Amino acid sequence: MSGAWTPADIGDLTGRTAVVTGPTLGGLGFHTALELVRQGARVVLAGRTPDKLEAAASALAAEVPGAATEALVVDLSDLSSVRAAGAAATRFGPIHLLVNNAGVMAPPLSRTTDGLESQMATNHFGPFLLTGLLLDQLAASGDGRVVTLSSQMHRVARSAPVGDPRTPRRHSRWHTYGQTKLANLLFTFELDRRLRQAGTPVRALAAHPGFAGTHLAVNGQLGTTRGRRAAILDGAVKMVSQSAEAGARPTLMAATADLPGSTYVGPSGPGEASGPPQVVGTARLARDEVAQRRLWETSEETVGLAWL
């Protein structure tokens, strides 16, 4: 690959099936799905509400007439919903790509129906369980790939989230968010190692979007993207950030470029905030194999699924 990677490097994806979580209209997941369908992939849009999935599918069809999309309803913060989605996904047959894109950013403290802190449930435990449930279909493709979205915020985490997730502890919404993004990397690297050891034809990679102008920060802080305060904050974010379209490019490179497992992709500009995607480094804690293994074991116990 010569020069900076661009979506023109993706190539023909006809005959391949991708599952993209969190494809909300205009967000990173939507722009990820858009480029995949543009190159001929069948994309399963996986999100919480049928209405939002239908809106995303309609917008994709308007951009790419004949876009092949399917819908999969899943609330990643609810483990029973993830299990139901895993069962429903069997109808899609072999899956070539799973993009764990969906996430929440720094909302007020709340606990899910499973007794888990909402950010850790949505950003890590739900994707961990979904990936495990879809593993057989990913392996059946003969060349599967799992791409999980992390963030530069993984660097603020001072420790790995390896304790009992249902034990209440002092809470800082931003520290917890950082821990969820660290968990995304710990999971990716442990998953890829286990896949290699098992001889499973699936690779695990990670990506981060830099500073992308999405509604994620606004929704996390205010709980809504509507109203005057949300519009002001949203506008401020977009003034200093790259577009969601550009923010999706590291994900797309991780999903389609000829890269080995355990690769981490992010923007190439100053501070990795923006710019064409490239392979980037991580905080040292993300490469801690003991923490990777402990988080995996904790996650299996938490979601009730032992795999790999």
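If you're wondering where the values come from, they're calculated on a predicted model, not measured in any experiment. For the single chain, residues carry numbers from 1 onward in sequence order.
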Are [X] and [Y] linked by a side-chain donor-acceptor pair shorter than 3.5 Å?
X	Y	value
Ser299	His124	yes
Asp51	Thr49	no
Thr167	Asp164	yes
Asp192	Ser262	yes
Ser77	Thr112	no

Do side-chain atoms of [X] reach the backbone of [Y] as a donor and acceptor pair under 3.5 angstrom?
X	Y	value
Asn100	Leu149	no
Gln179	Met120	no
Glu245	His31	no
Arg16	His96	no
Asp75	Ser81	no
Asp12	Thr14	yes

Where [X] and [Y] come nearest, the two heavy atoms and their spacing:
X	Y	result
Ala244	Gly27	CB-C, 4.2 Å
Val19	Ala46	CG1-CB, 4.2 Å
Leu60	Ala67	O-CB, 4.1 Å
Thr176	Glu117	CG2-OE1, 3.3 Å

With respect to Thr21, which candidate in Thr148, Leu130, Thr122 satisfies the side-chain contact (heavy atoms from CB on, under 4.5 Å) definition?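 Among the candidates, only Leu130 passes.
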Step-by-step salt bridge (Lys or Arg N to Asp or Glu O under 4.0 Å) determination, Glu190 to Arg193: CA-CA 5 Å; Glu190 181 69 12; Arg193 179 166 47 251; 2.3 Å; yes
Please walk me through it: do Phe189 and Trp296 pass ring-ring contact (aromatic ring centres under 6.0 Å, His included)? CA-CA 10 Å; Phe189 301 145; Trp296 185 281; over 10 Å; no
Kindly compute the distance separating CD (Glu35) from CD (Glu63), expressed to the nearest 0.5 Å.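 Going from CD on Glu35 over to CD on Glu63, the span is 9.5 Å.
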side-chain hydrogen bond (donor to acceptor under 3.5 Å, both in side chains) between Ser80 and Asp78, worked out: CA-CA 6 Å; Ser80 65; Asp78 182 343; 2.6 Å; yes
